[in-house]
Amino acid sequence: MIASRHETEAAPRRPDAPPAGETVTVETRFGSIAFGPDDTLDLPNGLVGMPDFHRFGFAPIPDPRMGQFMLLQSLEDLQLAFLVLPIAIGEATISSIDADDACATLAVPPEDARFFVIVTLRKGDKGLVVSINLRAPLIVDSKTRIARQFGLSNPSCPGRKVRGAGREAGAA
C-alpha cells in the first residue's frame, strides 16, 4: 500500500473528480500517469476497509524495474494508491476452486476474470518487507471494467505471503 488509511483520512476528497469516461492525468510517486476510460475501474463496494472510494485508475507503473506491478490509483482521493500484482490461478496462489467460486459469486465469466493482489511494503529491521493478501484478491472483469475485492472462503487458502527484500522474511 502506498498510502495508509490513516494518511488518507486527512486528505480532502475530490468533489471535482472528473466524470467517468474522461482521461485523468495524475502525478504519482512513479511519475505522471494518464488514466483513460480503458484504464479506469469501478469498484462498487470499494475496498475492504475503504468502502467510500469507487473510481480507480489502473495502469502499469512506468518504471521498467517495476514492470510486474500495476498502480491502483483512487480518482476520488489522489493520495490513495496501491501497488497490485497480477496472480495466476493454481496451487501456488489461488486454487481453481476458489477462482471458480469467486467468478460465480461475482457473476464474472471466468474467461474475463483477472486476479490481482494488493501489495503492502514496509520497512523491517533487516530491510524492506513485501506482503500480499492472498485471501482477499481483487477480481477485475476485463470486459466491464468492474472490480471487487473478494474474500475467499477456502480455509486452506494461505493468508499472507511475506518476502523480504532484505534478509527479513516470514509469515505475517
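In what follows, every heavy atom counts, from backbone to side chain, and hydrogens, waters and symmetry copies are set aside.
No side-chain heavy atom of Asp63 sits less than 4.5 Å from a side-chain heavy atom of Phe69. The closest side-chain heavy-atom distance from Phe82 to Leu47 is below 4.5 Å. Counting heavy atoms from C-beta on, the side chains of Asp100 and Ser95 never come closer than 4.5 Å. When side chains are defined from C-beta on, Phe30 counts as touching Leu83, because their heavy atoms get closer than 4.5 Å. At least one side-chain heavy atom of Val26 sits less than 4.5 Å from a side-chain heavy atom of Leu75. Side-chain contact between Arg55 and Thr40 is present, with at least one heavy-atom pair separated by less than 4.5 Å. A 4.5 Å side-chain heavy-atom check between Asn133 and Ile118 finds every atom pair outside the cut-off. Using a 4.5 Å cut-off on side-chain heavy atoms (C-beta onward), Pro37 and Thr23 make contact.
Taking every heavy atom of both residues into account, Ser96 and Ile89 meet most closely at CA-CG2, 3.7 Å. Between Pro60 and Ile33, the shortest heavy-atom distance links the atoms O-CD1, 4.4 Å. Closest of all the heavy-atom pairs between Glu27 and Ser32 is OE2-OG, 3.1 Å. Residues Phe53 and Ser74 come closest through the heavy atom pair CD2-OG, 3.9 Å.
The closest donor-acceptor contact from the side chain of Gln73 to the backbone of Leu78 lies under 3.5 Å. A distance-only check finds a donor-acceptor pair linking the side chain of Asp39 to the backbone of Gly36 [under 3.5 Å]. With hydrogens and angles ignored, the 3.5 Å screen pairs no side-chain donor or acceptor of Gln68 with any backbone N or O of Leu85.
The CG atom of Leu41 sits 12.5 Å away from the CZ atom of Arg114 when rounded to the nearest 0.5 Å. Interatomic distance, Phe115 CZ to Ile87 CD1, rounded to the nearest 0.5 Å: 7.0 Å. Note: Ile139 CD1 to Thr105 OG1 = 8.5 Å, rounded to the nearest 0.5 Å. Put simply, CG on Leu72 and CG on Leu43 are 6.5 Å apart, with the number rounded to the nearest 0.5 Å. For the atom pair Asp141 CG and Lys143 NZ, the distance stands at 8.5 Å (nearest 0.5 Å). To the nearest 0.5 Å, the span separating CG on Leu106 from CG on Asp101 amounts to 9.0 Å.
Using a 4.5 Å cut-off between side-chain heavy atoms of Ile, Leu, Val, Met, Phe, Trp and Tyr, with links allowed through other members, Val84 and Val48 fall into different hydrophobic clusters. Connection of Leu128 to Ile61 is established within a shared hydrophobic cluster, with ILVMFWY side chains joined at heavy-atom distances below 4.5 Å, either directly or through further cluster members.
Here Pro44 pairs with Asp42, Ile146, Arg148 under the side chain to side chain contact (heavy atoms under 4.5 Å, CB included) rule; sequence neighbours left out. When the ring-ring contact (aromatic ring centres under 6.0 Å, His included) test is applied to Phe58, the partners found at least two apart in sequence or on another chain are Phe116.
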| field | Verdict with supporting geometry, Phe150 and Asp98, side chain to side chain contact (heavy atoms under 4.5 Å, CB included) | value | CA-CA 10 Å; Phe150 186 78; Asp98 284 335; over 6 Å; no
